[in-house]
Q: 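One structure, as structure tokens, below. Some questions next.
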Amino acid sequence: MFCYNCGCQLSEYDFCTGCGADVSLYKKIICVSNMFYNDGLERAGIRDLSGAITSLRQSLKFNKNNVEARNLLGLVYFEMGEVVAALSEWVISKNLRPEKNIADDYIEKVQANATRLDSINQTIKKFNQALTYCQQDSRDLAIIQLKKVLSLNPRFVQAHLLLALLYMDSERWERAERELKKCIEIDRNNTQALRYLNEVEQMFVPEENIKQTTKRQREESVRYRSDNEIIIQPLNVKEPKKGGVSTLLNIGIGLAIGMAAMYFLVMPAAQSNAKNAAQDIIARISGESDAKTVQIQELEAQMAALQGEYDDLQQELDGYIGDSGTLQTINSLLRVAATYLENPEDIMATAADLEVVAQNVVLEDTSEEFQALYGKILSAIGPKLSETYYTEGQEAYRTGEYGAAVESLERAVYYNPENADGWFYLGQAYHNNGDNDNAVKAFDEVIQRFPDTDRARRAQKEKDDILAGN
């Protein structure tokens, strides 16, 4: 045990030998926390998981830095199927003690299994969906979802309890009892499961409060002997007179009473039974229909997701093999390189093919290898092409064809950005062609690229004249 103030190891005294702080109450708190931890450990050993959780939470209330109690609480949560709660406790424990902490192994074992993580995620989603169905009074769908949850995580105690409660609500007591016994196998002293099980077991006990009361009534009678037989005749009973009409009348009355009893008693009961049977069939068919509807919706969602993935892959594939795809662009650049290697003197043909490639792609979006090859070809033919286009532009400028001069000089500086004369005359051609904005930009290129030169000073003067409106 270490001092909370200075971190010094404490002795048997009630004060810290390092800083002198009073640690008597602190020691009691730590001891109580350890006591609850030991109690939680014993309860977990006999599978009293609910009691273990209660004790371990009490331990953490007294000492939130009790890493052993927090790790054990995570294990108990994990055993009850509460994976998210277990991970939360282990992450907190890891933050409290970053090194030499067994919580690292627990977290790694859970995260290393991608299938297990996906199963945990599906379990949480389906359990929440079951709760939603319960709130919507769709108990059959909730039961279906909970069965899926338990197929993924058979030790999820909360799912067993909710499924048992739904079975109890629909009076399926045997199934409810089976789910509750599974809960108790996981957590022996789960209070909620024991309370539910008590309710279920009471439904199996026959009613013992049925009182049968018999009343004996004394009947006054007259006994007399006839030969060897004793005849008992009640008093106040008159013997019926013999007659056929009365007999037939009594039979008719009996038949009428029987028909009336059948009509008023038997027929309504039969109709009620038939209606109940029909409603049970309708409910069962409705539940099966809802389950199939849910399954169809899930399959449709999967189909939509697969269709989206297919469309993305198809679009990506078109980007590689389409008319303007990556493969076609690479082939075009390779053809330009082959043309240049076969006939290096015909730079105009190479330049034309290279311009087509540049028009179809954005160089910044291509690969480094593509840009490197493009740059090699451009640097190989650029200076010669620049001189050719510069000569054409200068000739057009002298004859007053400023539009043609702009077009040729633009190509000259494109193929050789270090052509100072090309930039200068391009600015002059823009100015004489009435495009002062681009003229200023061209003169700025001369000033920035070739500072402290005669061309830069002349370009500055031309720029100043344009901005002054001369």
Side-chain angles (χ1 to χ4, degrees), residues 49-50 53 57 73-74 76-89 91 110-111 113-187 190-197 199-200 203 279-309:
L49 303 185
S50 299
I53 289 175
R57 283 180 175 174
L73 181 60
V76 174
Y77 278 136
F78 189 83
E79 182 66 15
M80 294 180 68
E82 302 283 349
V83 183
V84 176
L87 287 173
S88 300
E89 297 297 333
V91 169
V110 175
Q111 293 180 346
N113 192 341
T115 305
R116 181 65 181 274
L117 282 177
D118 183 66
S119 176
I120 293 170
N121 188 28
Q122 293 295 326
T123 299
I124 295 171
K125 289 183 179 179
K126 291 183 182 298
F127 183 74
N128 292 334
Q129 184 63 47
L131 290 176
T132 303
Y133 285 145
C134 290
Q135 294 172 357
Q136 296 173 354
D137 202 20
S138 300
R139 295 183 177 85
D140 293 335
L141 294 179
I143 290 174
I144 293 172
Q145 288 296 323
L146 290 173
K147 287 181 178 179
K148 293 181 180 179
V149 169
L150 293 174
S151 66
L152 296 173
N153 188 0
R155 309 191 72 81
F156 197 177
V157 173
Q158 294 298 325
H160 281 296
L161 288 174
L162 182 56
L163 182 58
L165 192 61
L166 291 172
Y167 281 145
M168 292 170 64
D169 183 68
S170 59
E171 297 183 358
R172 286 180 275 186
W173 308 109
E174 293 82 1
R175 295 187 180 183
E177 183 183 23
R178 185 166 59 249
E179 296 298 328
L180 293 173
K181 287 183 177 179
K182 290 180 181 178
C183 289
I184 296 174
E185 288 177 1
I186 300 170
D187 183 9
N190 190 297
T191 307
Q192 196 170 5
L194 292 173
R195 186 169 65 250
Y196 291 167
L197 186 61
E199 295 290 335
V200 172
M203 300 305 300
Q279 288 178 355
D280 292 339
I281 294 173
I282 292 172
R284 180 174 56 80
I285 295 174
S286 177
E288 294 176 355
S289 176
D290 292 339
K292 291 180 179 179
T293 302
V294 172
Q295 186 177 5
I296 291 171
Q297 290 176 352
E298 292 179 353
L299 292 175
E300 288 178 349
Q302 293 177 3
M303 289 179 60
L306 292 175
Q307 184 65 38
E309 293 178 1

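Just so you know, these numbers use all the heavy atoms, side chains as well, and skip hydrogens, waters and symmetry mates.
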Q: Regarding K181 and E177, does a basic nitrogen lie under 4.0 Å from an acidic carboxylate oxygen?
A: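 Looking at E177 together with K181, the answer is yes, because their closest N to O distance falls below 4.0 Å.
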
Q: Rounded to the nearest 0.5 Å, what separates atom CE in M203 from atom CD in E174?
A: 10.5 Å

Q: Decide yes or no for I144 and V294: does some side-chain heavy atom of the first lie under 4.5 Å from some side-chain heavy atom of the second?
A: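 Counting from C-beta outward, I144 and V294 never come under 4.5 Å.
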
Q: Hey, could you give me the CG/CD1 distance between L194 and I184, rounded to the nearest 0.5 Å?
A: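 Spacing of CG (L194) from CD1 (I184) equals 4.5 Å.
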
Q: Can you list everything that forms a side-chain hydrogen bond (donor to acceptor under 3.5 Å, both in side chains) with D169? Sequence neighbours excluded, please.
A: R139

Q: Verify, without hydrogens or angle tests, whether H160 (side chain) and P154 (backbone) share a donor-acceptor contact under 3.5 angstrom.
A: yes

Q: Can you name the salt bridge (charged side-chain N to carboxylate O under 4.0 Å, His left out) partners of K125, sequence neighbours left out?
A: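 By the salt bridge (charged side-chain N to carboxylate O under 4.0 Å, His left out) rule, K125 matches no residue at all.
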
Q: With a 4.5 Å cut-off on side-chain heavy atoms, are K126 and L152 touching?
A: yes

Q: Hey, are the side chains of V83 and I124 touching, using non-hydrogen atoms and a 4.5 Å cut-off?
A: no

Q: Can you run down the side chain to side chain donor-acceptor pair (under 3.5 Å) pairs that involve residues 142-158, sequence neighbours left out, and say none if there aren't any?
A: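 Side chain to side chain donor-acceptor pair (under 3.5 Å) check on residues 142-158 returns E79-R155.
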
Q: Show your reasoning for whether side-chain contact (heavy atoms from CB on, under 4.5 Å) applies to M80 and I53.
A: CA-CA 11 Å; M80 294 180 68; I53 289 175; 3.4 Å; yes

Q: Quick one: are Y133 and D140 in side-chain contact, heavy atoms under 4.5 Å?
A: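 Heavy-atom side-chain distance check fails, nothing below 4.5 Å.
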
Q: What's the spacing between L163 CG and F127 CZ if we round to 0.5 Å?
A: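 Rounded to the nearest 0.5 Å, the CG-CZ separation comes out at 10.5 Å.
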
Q: Counting only heavy atoms not in Q122, do more than 12 fall under 6.0 Å of its CD?
A: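 Atom CD in Q122 is packed in, count exceeds 12.
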
Q: Closest heavy-atom contact between V110 and F78?
A: CG2-CE1, 4.2 Å

Q: When rounded to the nearest 0.5 angstrom, what is the spacing between CZ in R178 and CZ in R172?
A: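 One gets 10.5 Å once the value is rounded to the nearest 0.5 Å.
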
Q: Backbone N or O of L49 within a donor-acceptor pair of the D187 side chain at under 3.5 Å?
A: yes

Q: Report yes if the side chains of L161 and E179 come closer than 4.5 Å at any heavy-atom pair, otherwise no.
A: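 No, side chains not in contact.
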
Q: Are L166 and C134 packed together at the side-chain level, in the sense that at least one heavy-atom pair is separated by less than 4.5 angstrom?
A: yes

Q: I want to check something: taking the side chain as every heavy atom from C-beta on, are N190 and S50 in contact at a cut-off of under 4.5 Å?
A: yes

Q: First locate atom CD of E82, then atom CG of L73, and finally report the distance between them rounded to the nearest 0.5 Å.
A: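 Taking CD in E82 and CG in L73, the distance rounds to 11.0 Å.
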
Q: So, do W173 and Y167 sit near enough that their side-chain heavy atoms are less than 4.5 Å apart?
A: no

Q: Kindly write out the residues that satisfy side-chain hydrogen bond (donor to acceptor under 3.5 Å, both in side chains) with R175, not counting sequence neighbours, or none if the list is empty.
A: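 For R175 there are no side-chain hydrogen bond (donor to acceptor under 3.5 Å, both in side chains) partners, ignoring immediate neighbours.
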
Q: Only counting residues at least two apart or in another chain, list the ones meeting side-chain hydrogen bond (donor to acceptor under 3.5 Å, both in side chains) with R57.
A: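 In terms of side-chain hydrogen bond (donor to acceptor under 3.5 Å, both in side chains), with neighbours along the sequence ignored, R57 is linked to Y77.
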
Q: Can you name the side-chain hydrogen bond (donor to acceptor under 3.5 Å, both in side chains) partners of Q192, sequence neighbours left out?
A: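 Q192 satisfies side-chain hydrogen bond (donor to acceptor under 3.5 Å, both in side chains) with Y196 only.
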
Q: Kindly give the heavy-atom pair with the smallest separation between C183 and A193, and that separation in Å.
A: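 In this case the closest contact between C183 and A193 is CB-CB, 4.0 Å.
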
Q: Give the minimum heavy-atom separation between M168 and A176, together with the two atoms involved.
A: CG-CB, 3.6 Å

